[in-house]
Number of protein chains: 2
Amino acid sequence: MDDNGVEHQLRDRGLQVTAQRLAVMEAVSAHPHATAEELTEDVRSRIGSISKQAVYDTLGVFVENNLIRRIQPSGSVARYEDRVGDNHHHLVCRGCGIVFDVDCAVGDTPCLIADDDHGFEIDEAEVVYWGRCPTCRTG
Amino acid sequence: MDDNGVEHQLRDRGLQVTAQRLAVMEAVSAHPHATAEELTEDVRSRIGSISKQAVYDTLGVFVENNLIRRIQPSGSVARYEDRVGDNHHHLVCRGCGIVFDVDCAVGDTPCLIADDDHGFEIDEAEVVYWGRCPTCRTG
DNA sequence: AACAAACTCTTGACTCAGTCCAGAATTGGT
DNA sequence: ACCAATTCTGGACTGAGTCAAGAGTTTGTT
């Protein structure tokens, strides 16, 4: 996803294009599953400085506009990724917390319909696989 | 799950039986998906007083010993439930955050094997259905 | 029943992700 | 270039959850 693409995506949605926003998007693309703090570090290395607040605001705007996705496995802080619109899930290590993307084995939209929907209008089924990564298994 | 059952379960695992622990377990049974704070309130109404710390410790011990389960949907604080050992999942409202239990439509262990396990030893596939509850849809 | 060892609970300070606010700066349409 | 709308900064604040050390309970043994 190059900068021109991002710029276009922002304008399409009526959002202003700023150096901070471009840098945040670059950071998310460069570090899938990074935390807000890690992204702040990365953005600072790109454009010198940015406030914590601007990063949170920007991430919030991007999530609202479906440009990025926010995930938050139990016991972890929020993480962000730029893969949106596809049906992928996450594999989380109980030891070190590292996150991998996985595609579900049983097709495009696994389990999208629950047995009893309680009258809900369901729009997403999020799957998290829990386990131990090779490193933590041997450690 | 009566108190004798709980007492037995604790002793079986080499855990001491205390009024606080029994009360915490009762509270979790009485309020599935409650937060630590809500549980603290409930426990206080049962045994008069308990420290925040004792509640967190107790919940932690119970989770470690598989007596209760801790869930934490994105954007929510941790919640606890006493349904363990079965294969049920959760339906969360994006509006008010209310949580319902659901059984998965496609069988006992949906999607338990990911396409690419990255060498992980996977022990659980957690599914969260996101949507809007009837109240929040009309509101 | 009494003892000692092990475990559990209380209190209070602390951490850290995330939010709130108000004023300053930047952006984009005219 | 100008101005209204939007965005960014800096700092104070919130609230869930953790840490630590001493006091209090529980339990197995006598």
Side-chain angles (χ1 to χ4, degrees), chain A residues 3 6-25 27-28 33-44 46-65 67-68 70-80 97 99, chain B residues 3-4 6-25 27-28 33-44 46-65 67-68 70-80 97:
Chain A
D3 286 13
V6 175
E7 203 173 319
H8 198 78
Q9 286 183 309
L10 292 174
R11 288 190 201 285
D12 277 359
R13 289 168 172 78
L15 300 171
Q16 290 190 3
V17 177
T18 67
Q20 288 87 339
R21 290 186 164 178
L22 295 177
V24 168
M25 184 56 97
V28 174
H33 312 131
T35 64
E37 198 192 343
E38 288 160 357
L39 293 171
T40 302
E41 283 302 299
D42 186 86
V43 169
R44 285 183 178 149
R46 289 171 195 275
I47 60 170
S49 79
I50 192 173
S51 70
K52 179 175 76 162
Q53 196 50 43
V55 174
Y56 277 105
D57 285 354
T58 303
L59 291 171
V61 169
F62 285 179
V63 169
E64 266 176 31
N65 285 274
L67 293 170
I68 63 175
R70 176 192 156 119
I71 60 172
Q72 188 176 22
S74 292
S76 166
V77 300
R79 292 168 183 277
Y80 301 85
V99 178
Chain B
D3 284 14
N4 269 332
V6 175
E7 202 173 319
H8 199 78
Q9 286 183 310
L10 292 174
R11 288 189 201 286
D12 277 358
R13 290 169 171 77
L15 301 171
Q16 289 190 2
V17 177
T18 67
Q20 289 88 339
R21 289 183 169 179
L22 296 177
V24 168
M25 185 55 98
V28 174
H33 313 132
T35 64
E37 199 193 342
E38 288 159 358
L39 293 171
T40 302
E41 283 302 298
D42 187 85
V43 169
R44 284 184 179 150
R46 288 171 194 275
I47 60 171
S49 78
I50 192 172
S51 68
K52 177 174 79 163
Q53 196 51 41
V55 174
Y56 277 106
D57 284 354
T58 303
L59 290 171
V61 169
F62 286 178
V63 169
E64 265 176 31
N65 285 274
L67 294 170
I68 64 175
R70 176 193 156 119
I71 60 172
Q72 189 178 19
S74 292
S76 166
V77 300
R79 292 165 183 279
Y80 301 85

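Per chain, numbering begins at 1; letters A, B, ... match sequence-line order. Remember, predicted model here, so these are calculated numbers, not experimental data.
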Show which side-chain atoms of residues 36-43 of chain A pair as donor or acceptor with protein atoms under 3.5 Å away, not counting sequence neighbours.
from, atom 1, to, atom 2, distance (Å)
Glu38(A), OE1, Thr35(A), N, 2.9
Thr40(A), OG1, Ala36(A), O, 2.8
Asp42(A), OD1, His31(A), NE2, 2.7
Asp42(A), OD2, Arg46(A), NE, 2.5
Asp42(A), OD2, Arg46(A), NH2, 3.1

Using distance only, find each side-chain donor-acceptor pair of residues 13-25 of chain B under 3.5 Å and give its atom names and separation, not counting sequence neighbours.
from, atom 1, to, atom 2, distance (Å)
Arg13(B), NE, Asn65(B), O, 3.0
Arg13(B), NH1, Gln9(B), O, 3.2
Thr18(B), OG1, Arg21(B), N, 3.1
Arg21(B), NH1, Gln16(B), O, 3.1

For this session: Report the distance from atom CD1 of Ile50(A) to atom C1' of dG11(D), rounded to the nearest whole Å.
Result: 17 Å
Seminar exercise, completed: Rounded to whole Å, the CZ-P distance (Arg21(B) to dG24(D)) equals 19 Å
Exercise. Could you give the distance from CG (Asp12(B)) to CD (Glu7(B)), rounded to the nearest 0.5 Å?
Worked result: 11.0 Å
Exercise. Can you find a heavy atom in the side chain of Val6(A) that is under 4.5 Å from one in the side chain of Leu67(A)?
Worked result: no
Exercise. Between dT18(D) atom P and Leu59(B) atom CG, what is the distance in whole Å?
Worked result: 10 Å
For this session: Look up atom OH in Tyr80(A) and atom CD1 in Ile68(A), then write down how far apart they are to the nearest 0.5 Å.
Result: 7.0 Å
Exercise. Can you check the Ile47(B) CD1 to dT8(C) P distance for me, whole Å?
Worked result: 15 Å
Problem set entry | Whole angstrom value for the distance that separates P of dA6(C) from CG of Leu10(B) | 21 Å
For this session: For nucleotides 17-30 of chain C, just jot down a letter per nucleotide in 5' to 3' order: B, S or -, based on protein non-hydrogen atoms under 4.0 Å.
Result: SBBBB-----BS--
Exercise. Which atoms form the tightest heavy-atom contact between His33(A) and Ile71(A), and what is the distance?
Worked result: CD2-CD1, 4.1 Å
